[in-house]
Amino acid sequence: MKYVHQFSIIIFLSFLGELLHGILPFPIPASVYGLILLFIALCTGIIKLAQVKETANFLIEIMPIMFLPAATGLLDAWPILRRICIPILLITFLTTIIVMAATGQITQYMIRKTNPQKRNS
């Protein structure tokens, strides 16, 4: 019963995200609105982490399974994708390297900023 309650909280916030998506004129997906609402609710203490933690962990664990239908759909589009496969792989590789480098630099900056004794390391 605990999981049903936790899942209902997550679904309710997703529903509110759908409502915001319908009301606001911004090109932001409804799921992003829902995530922002959940983040705000967690930060303000409206929702405690313990109220959604187990269900959130379960959803994260099964996330790779949710991508299987989309991945199998790519097989149907192979004739179209074959022509642009090399540019997509190149872009994916380069952007991955850029994101990793930027994340590392930002993390090092934040560590130095919050922990002054590590500046010399």
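Positions are given from 1 along the sequence.
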>> Which residues pass the side chain to side chain donor-acceptor pair (under 3.5 Å) test with E18, not counting sequence neighbours?
In response: none
>> Measuring only between side-chain heavy atoms, which start at C-beta, is P87 closer than 4.5 Å to L90?
In response: no
>> Does L74 have more than 12 heavy atoms from other residues, nucleotides or ligands lying within 6.0 Å of its CG?
In response: yes
> What are the two closest non-hydrogen atoms of H21 and A30, and how far apart are they?
Replying inline: CB-CB, 3.6 Å
> Going from CZ on F15 to CG on L20, what distance comes out if it is rounded to the nearest 0.5 angstrom?
Replying inline: 10.5 Å
> Looking at OH of Y3 and OG of S8, how far apart are the two atoms once the value is rounded to the nearest 0.5 Å?
Replying inline: 14.0 Å
>> To the nearest 0.5 Å, what is the distance between CG on L42 and NZ on K53?
In response: 11.5 Å
>> Other members of the hydrophobic cluster containing M110, with the 4.5 Å side-chain heavy-atom rule, please.
In response: I106, Y109
> Rounded to the nearest 0.5 Å, how far does OG1 of T103 lie from CD of Q105?
Replying inline: 10.0 Å
>> Is there a side-chain contact between L59 and I10 in this structure, where contact means two heavy atoms from C-beta onward sitting under 4.5 Å apart?
In response: yes
>> With side-chain hydrogen bond (donor to acceptor under 3.5 Å, both in side chains) as the rule and sequence neighbours excluded, what pairs involving residues 65-85 come up?
In response: none
Between side-chain atoms of residues 44-52 and protein atoms elsewhere (two or more places apart, or another chain), which donor-acceptor pairs fall under 3.5 Å?
| residue | atom | partner | partner atom | Å |
| --- | --- | --- | --- | --- |
| T44 | OG1 | I40 | O | 2.8 |
| T44 | OG1 | A41 | O | 3.4 |
| K48 | NZ | G45 | O | 3.0 |
| Q51 | OE1 | K48 | N | 2.5 |

> Should I11 and M66 be counted in the same cluster of Ile, Leu, Val, Met, Phe, Trp and Tyr side chains packed under 4.5 Å apart?
Replying inline: yes
> How about L24 and I28: do any of their side-chain heavy atoms sit closer than 4.5 Å?
Replying inline: no
> Got a sec, which residues hit side chain to side chain contact (heavy atoms under 4.5 Å, CB included) with F93, two or more places apart in sequence or on another chain?
Replying inline: I97
> Are L19 and F39 in one and the same hydrophobic cluster, where Ile, Leu, Val, Met, Phe, Trp and Tyr link if side-chain heavy atoms are under 4.5 Å apart?
Replying inline: no
> Just how far is it from atom CG of L35 to atom OG of S14, taken to the nearest 0.5 Å?
Replying inline: 7.5 Å
> What distance separates S31 OG from I36 CD1, expressed to the nearest 0.5 Å?
Replying inline: 9.5 Å
>> Is any side-chain heavy atom of F26 closer than 4.5 Å to one of Y33?
In response: yes
> Residues two or more places apart in sequence or in another chain: which of them pass side chain to side chain donor-acceptor pair (under 3.5 Å) with T55?
Replying inline: Q6
> Shared ILVMFWY cluster between I9 and I62, side chains joined below 4.5 angstrom?
Replying inline: yes
